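When a ligand or atom number is given, it counts from 1 through the structure's own listing order. Each residue takes its place number in the sequence, starting with 1. All values reported here derive from a predicted model rather than from experimental measurement.
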Amino acid sequence: MLQEIHSDRFFMGRLHHGDDLLEALHRACREWHIHLGRVTAIGAVQKATLGYYDQTLHTYQTIQLDRHLEIVQLTGNISVKDDKPFVHAHVTLSDASGRTYGGHLFPGTAVFACETVIESFRGPVFRRASDPITGLPLWQ
Ligand code: ZN
């Protein structure tokens with residue numbers, strides 16, 4: 001089930017104002033040839049699109065948050081899907097009253113300001129493919 005991996009390189013930087021958060025992380029992985037790793041980030045977004053996976057229907061419901069929010073925590077991993085780096089990330093976001101929202105990060109989340117750290121690993125290829133039991137693109 002688990003496989004051994006080794007820490008390789010770290011990358012740290014700021015994403016651009018207005019960037020799509022998920023696309024910016026994918027772009028960084030392509031640029032630095034990161035196919036295995038993990039990502040964390042904090043900052044703020046202008047709006048967000050999150051997902052909740054319906055385990056009965058095997059589909060994502062999207063949650064649209066058209067408001068300014070803090071990124072309390074973004075955590076995710078990097079592996080390979082369709083022969084390209086693929087970022088799977090979950091976020092916790094907070095509003096002006098401190099109320100939090102969370103879920104699977106979808107495209108449609110606009111960066112206000114975001115500081116990210118990416119760690120790349122050396123190890124076997126973690127390739128995603130459709131899993132018949134969950135309907136999700138899981139590691140094979
Ligand atoms: Zn997810």
Side-chain angles (χ1 to χ4, degrees):
M1 209 68 175
L2 297 180
Q3 300 184 70
E4 187 173 6
I5 55 173
H6 302 273
S7 183
D8 186 15
R9 299 174 294 167
F10 285 90
F11 303 87
M12 186 164 157
R14 184 166 73 85
L15 304 181
H16 294 120
H17 181 85
D19 267 357
D20 183 276
L21 178 52
L22 186 58
E23 173 50 30
L25 295 173
H26 275 116
R27 197 168 55 236
C29 291
R30 289 193 303 268
E31 185 181 339
W32 290 98
H33 306 286
I34 303 165
H35 298 92
L36 187 66
R38 65 178 167 186
V39 57
T40 62
I42 56 172
V45 297
Q46 302 170 66
K47 62 174 186 168
T49 306
L50 306 181
Y52 168 83
Y53 192 69
D54 186 313
Q55 297 178 19
T56 306
L57 298 175
H58 286 190
T59 56
Y60 275 102
Q61 299 170 11
T62 56
I63 302 150
Q64 208 68 48
L65 299 166
D66 287 319
R67 67 195 86 162
H68 299 167
L69 299 157
E70 294 286 314
I71 304 170
V72 176
Q73 160 91 353
L74 177 151
T75 188
N77 57 57
I78 300 151
S79 57
V80 173
K81 186 177 169 206
D82 301 326
D83 296 319
K84 291 185 292 248
F86 181 81
V87 176
H88 179 200
H90 287 196
V91 286
T92 306
L93 304 169
S94 68
D95 68 12
S97 67
R99 183 181 300 120
T100 56
Y101 306 86
H104 179 103
L105 179 64
F106 261 71
T109 300
V111 170
F112 180 74
C114 184
E115 298 170 347
T116 185
V117 177
I118 298 176
E119 180 179 10
S120 75
F121 301 136
R122 282 179 291 110
V125 177
F126 279 63
R127 198 176 297 281
R128 292 187 179 276
S130 183
D131 173 65
I133 295 171
T134 63
L136 290 165
L138 299 181
W139 294 327
Q140 297 305 289

- Using a strict 4.0 Å threshold on nitrogen-to-oxygen distance, state whether D82 and R128 make a salt bridge. no
- Contacts of E70 that satisfy side chain to side chain contact (heavy atoms under 4.5 Å, CB included) - sequence neighbours left out: A44, S94
- Message: I need the single residue from I78, I5, L138 that forms a side chain to side chain contact (heavy atoms under 4.5 Å, CB included) with F126. Which is it?
- Response: I5
- Item | Heteroatoms of the protein, restricted to N/O/S, which lie under 2.8 Å from the Zn ion (ligand 1) | H88 NE2, H90 NE2, H104 ND1
- Query: Are Y60 and H104 close enough that their ring centres sit under 6.0 Å apart?
  - Reply: yes
- Query: With a 6.0 Å cut-off on ring centres, are H26 and F86 close enough?
  - Reply: yes
- Message: Does either side chain, that of W139 or that of S79, offer a donor lying less than 3.5 Å from an acceptor on the other one?
- Response: yes
